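The next block holds one structure in the form of structure tokens; read it before the comments.
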Amino acid sequence: MKKSTMGMIAGSTALVSAGTVMAVKKYQEKSGNGSVNSNDMMEKVKTGASKTMQKAKTVIDKQMEMMNKEKQMIDQADTKMQEGKGSSNLDPTIQKKDKIASPDAPEDEAEKGLTGLDHEYRSEWVANGFPQTHREMERLEEEDDRK
């Protein structure tokens, strides 16, 4: 947490403590309980305020420690992602399939030049009407330009 936040917590605690002292003094004056030793009262308030601020600091320190751990985890994940650009670090099976040739390449002319991963997705491409080759993509672009 920022120092300004800690300052706000400490200031708020001090204000509450000072208000409490003033309220107790007024109450004692009105009820006629005699003289009040303001030094003793102020020491008690300072002690209480100090304990409250120490507890607040402890909570803030724990939160900062947790946030630092989370930041380290995020940094590690980011590093792993940067190292694995262009490939999937999450599934090595997909990486292998994308490096081997299509199993149907020897039998099917349309499968030549495709990888094992392309082979798996080809049926979806065909069903959705995606072009299968660069020539087909160029032909479709030319048709669009003519329209």
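As the structure is a computational prediction, the values presented were derived from the model and not from experiment. Side chains are part of it too, since the values below use all heavy atoms of this structure and drop only hydrogens, waters and symmetry mates.
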Exercise. Got a second to check how far Ile60's CD1 is from Lys55's NZ, nearest 0.5 Å?
Worked result: 14.5 Å
For this session: Can you measure from NZ (Lys96) to CD1 (Ile94) and round to the nearest 0.5 angstrom?
Result: 12.5 Å
Exercise. Who passes side-chain hydrogen bond (donor to acceptor under 3.5 Å, both in side chains) against Asp75, sequence neighbours left out?
Worked result: Lys71
Check: residues 98-107 side-chain donor-acceptor pairs under 3.5 Å, at least two apart:
{"from": "Asp98", "atom 1": "OD1", "to": "Thr115", "atom 2": "OG1", "distance (Å)": "3.2"}
{"from": "Ser102", "atom 1": "OG", "to": "Asp104", "atom 2": "N", "distance (Å)": "3.3"}
{"from": "Ser102", "atom 1": "OG", "to": "Glu111", "atom 2": "OE1", "distance (Å)": "2.4"}

For this session: Kindly determine whether Glu143 and Arg146 satisfy salt bridge (charged side-chain N to carboxylate O under 4.0 Å, His left out), including the steps that lead there.
Result: CA-CA 5 Å; Glu143 286 178 9; Arg146 288 182 205 156; 5.8 Å; no
Problem set entry | Inter-residue atom distance Glu141.CD - Asp144.CG, 0.5 Å rounding | 7.5 Å
For this session: Any chance you could lay out the side chain to side chain contact (heavy atoms under 4.5 Å, CB included) test for Arg122 and Asp108, step after step, and finish with the verdict?
Result: CA-CA 12 Å; Arg122 185 170 180 267; Asp108 188 357; 3.9 Å; yes
Exercise. With a 4.5 Å limit on heavy-atom distance, are the side chains of Lys62 and Met66 in contact?
Worked result: no
Problem set entry | Distance, nearest 0.5 Å, that separates OG1 of Thr93 from CG of Leu117 | 11.0 Å
Exercise. To the nearest 0.5 Å, how far apart are NZ in Lys57 and CD in Gln54?
Worked result: 4.5 Å
